[in-house]
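For the numbers below, each heavy atom of this structure counts, side chains included, while hydrogens, waters and symmetry mates do not. Because the structure is predicted, anything quoted here is derived from the model rather than measured.
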Amino acid sequence: MNIHSAIRRLNQVFIVLFLGLSLGLVYWQVAVAQQVTSNIHNIRQCMKDHAPVRGKIYDRNGVLLAESKPIDPNNPFKGALCGYQRHYYLDGMPSLANLIGFYISPLFNSTGVEHAFDDYLSGRAGLTELTNNLNLILHRPPVGDNIYLTIDTRIQKIVERDFDKYAPSYNPAVPELKIDNENVFATNRGAVIVTDPHTGEILAMVTRPTYDSNRVAAGDLAYYNQLLRNPDAPLLERPLQGQYVPGSVYKAMTLLAALDTGTYQLNTPSFDYQHAVGPVTIGGEVFNPQLSNIYRASYARTFPVSMNMGFSHSDNVMFAVIGAKLGADTWLEYNKRFYVGQDIPFDLPVARSSVLPANGQLPSNLLAENSFGQGVDLVTPMLISLIDDAIANNGQLMRPMLVSRIQAPDGTIIKSMSSQTLSTPISEQTASAAREAMYGVVRCGSGSVIPELYSSPWNIIAKTGTGQVGGGKGAHGWLMTQAPYQDPRLTIVSMRENGGEGANVNGPAVAAMYNDIYTSVLKLQQPAPADPSVPYCTQHGLWT
């Protein structure tokens, strides 16, 4: 045997083995380093030189909301953490705990913005990705990018504070605002969304009840498990994930479909006594006068009356008739335009709203019920906010925005989100007519009974809603609003879960929100005073 050949072959074997080892190291330490590092079974990610220094989270004006710091050695729960502890700065803004979410360590799930933008916050994406791959090889902690939200902490604090002006305790001298377990119920659960309808930016988002994200982030797993077991579901981000019977606030959907298709005109007297008050039979179901708010309150003494009259006084019989006249295909088409049954494009997941039973069929009697917000309608506050925004923005629906930009630690802009039009679900004329109808609600109809709404200097327009749920529980109280009437700058949707009558339980709080935001933050000039109610309501056929 030639010894030189044997040595050559042995050298070749060593070279092949060396190349294989080198390729393996490159593969595991570079190509799939992030997958290996982020694997929950890999304990190296909890070592100080591997645990990520997560990016910071700020509001739109650069107010710090979340950051990571080295673990407090006195933290009794530090065993659940990895290198760093998340700190949240939410004084006066407890609901941001749900929106921002929490992060404990790579070994546990995260929520909210912390979860949806985890790749950027942990440095697995963006301009820091290559640097952090090198950091992993050199046993240096990855550094994440910073997130800037559209939230304005000044507005968030106002909305949080004013939402606690719950009607029964806020104005107990007014009898109809007292807890009577018929019209008004005690509740600690609800949601608010404040939006700039012209850009889609979410300026504030409130959920009740909420929780202490710092306790969760500190690794207090016993506290976290208590939250999971709490029947009031404090971890639920109600504006996005809560699904509720909308009640009469959903008449806005039916109104838009009827106006946009030309099926009815807003102020044309089109409804005789029977079709405004009842009884009418639709699909074998009788809709009788007990469902008619016009009948019960005697707002109309002469007939026929207009759709505007029915909307301002929230007449169920009239809107059952309108829905049946539209037909299921048309009514469902307008629901689809507002993303009912679909995923709403947003920076966080939004539960799908639905208006169909399990079999997917909508018979005429169920269509009639759905058309005034009962039946099988289940919607999120975000869905109602989209309807509100399109009306305020002359028919254009903007993509709702929560994140305004993503920025590297050195200040380099990685992503800058700009306003984006999703669609034009309704015409400008339809939007204008809908605003007129919402004006009538506050001047003459179901919103006029709340002094704070009626007397607001900001000309608030609205649609009220009281979603009946049965079972002896209070209705879900809704209020969909925008202001000022002629030039809406903001929209506010407020909902109190099982709170009762929509105007009663939301009106005082929402009126306070507009006043405080417009005077102390946006510093708007007050609009011209509203028309005196008696001439306006009689001249426009809203009282007859």
Side-chain angles (χ1 to χ4, degrees), residues 192-198 246-256 259 266-267 306-315 373 381 384-397 426 428-466 477-495 502-504 506-515 517-518 522 524-533 535-537 539-543:
V192 183
I193 302 176
V194 181
T195 310
D196 180 338
H198 309 295
S248 292
V249 75
Y250 216 59
K251 286 174 179 148
M253 177 71 79
T254 306
L255 178 83
L256 295 180
L259 290 170
L266 183 65
N267 292 305
S306 68
M307 185 167 60
N308 200 2
M309 159 75 87
F311 190 79
S312 65
H313 300 294
S314 207
D315 190 73
I384 299 299
S385 182
L386 293 188
I387 298 171
D388 203 7
D389 288 347
I391 294 172
N393 196 34
N394 292 322
Q396 278 199 329
L397 179 60
I426 55 174
E428 183 175 352
Q429 293 76 15
T430 294
S432 177
R435 289 196 299 274
E436 181 184 339
M438 292 173 67
Y439 183 74
V441 170
V442 176
R443 300 315 307 160
C444 315
S446 55
S448 65
V449 298
I450 306 302
E452 293 85 354
L453 285 177
Y454 178 82
S455 302
S456 170
W458 300 104
N459 285 357
I460 300 169
I461 64 176
K463 181 67 193 85
T464 62
T466 306
W478 292 84
L479 193 62
M480 180 183 84
T481 69
Q482 48 191 265
Y485 166 38
Q486 296 294 357
D487 181 23
R489 294 291 300 275
L490 298 178
T491 64
I492 300 179
V493 170
S494 181
M495 185 278 304
N504 290 353
N506 292 292
V510 170
M513 291 173 199
Y514 278 114
N515 189 62
I517 293 168
Y518 284 164
L522 300 186
L524 296 188
Q525 183 176 353
Q526 289 185 3
D531 292 341
S533 63
Y536 180 87
C537 298
Q539 289 171 7
H540 289 77
L542 304 184
W543 296 344

**Message:** Please enumerate all residues that pass ring-ring contact (aromatic ring centres under 6.0 Å, His included) together with Y518, with sequence neighbours excluded.
**Reply:**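 Partners of Y518 under the ring-ring contact (aromatic ring centres under 6.0 Å, His included) test: W458, Y514.
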How close do [X] and [Y] get, counting heavy atoms only, and between which atoms?
X    : Y    : value
P484 : P527 : CB-CG, 3.9 Å
T481 : A462 : CG2-CB, 3.8 Å
W543 : C444 : NE1-O, 3.1 Å
M495 : P381 : CE-CG, 4.5 Å
A431 : G395 : CB-N, 3.5 Å
I391 : A434 : CG2-CB, 3.8 Å

State, with a plain yes or no, whether a side-chain heavy atom of [X] is found less than 4.5 Å away from one of [Y].
X    : Y    : value
N515 : P457 : yes
R435 : N394 : yes
M309 : D315 : no

**Item:** Residues that E436 engages under side-chain hydrogen bond (donor to acceptor under 3.5 Å, both in side chains), provided they are two or more places apart
**Value:** N267
**Request:** Go through the structure and list residues passing side-chain hydrogen bond (donor to acceptor under 3.5 Å, both in side chains) with T430, not counting sequence neighbours.
**Result:**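 side-chain hydrogen bond (donor to acceptor under 3.5 Å, both in side chains) list for T430, sorted by chain: D260, S427.
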**Request:** Begin from the C-alpha positions of M438 and D388 and carry the test side-chain contact (heavy atoms from CB on, under 4.5 Å) through to its verdict.
**Result:** CA-CA 10 Å; M438 292 173 67; D388 203 7; 3.9 Å; yes
With a cut-off of 3.5 Å and sequence neighbours excluded, list every side-chain donor-acceptor pair involving residues 486-494.
residue: T491; atom: OG1; partner: D389; partner atom: OD1; Å: 2.7
residue: S494; atom: OG; partner: N506; partner atom: OD1; Å: 2.7

For [X], side chain to side chain contact (heavy atoms under 4.5 Å, CB included) partners two or more places apart:
X    : value
P535 : P532, Q539
A437 : L255, L266, N308, F311
T466 : Q468, A475, E501
Y454 : R443, S448, S533

**Item:** Side-chain donor-acceptor pair present, S446, S314, cut-off under 3.5 Å
**Value:** no
**Request:** Please assess N504 against V449 for the test side-chain contact (heavy atoms from CB on, under 4.5 Å), listing each intermediate value before the final yes or no.
**Result:** CA-CA 8 Å; N504 290 353; V449 298; 4.3 Å; yes
**Chi angles and distances behind the side-chain contact (heavy atoms from CB on, under 4.5 Å) call for V249, I387** = CA-CA 10 Å; V249 75; I387 298 171; over 6 Å; no
**Request:** Apply side-chain contact (heavy atoms from CB on, under 4.5 Å) to the pair L453 and L479, showing each step before the final yes or no.
**Result:** CA-CA 11 Å; L453 285 177; L479 193 62; 4.1 Å; yes
**Message:** For the CD1 atom of I450 and the OG atom of S456, what is their distance to the nearest 0.5 Å?
**Reply:**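 I450 atom CD1 to S456 atom OG measures 13.0 Å (nearest 0.5 Å).
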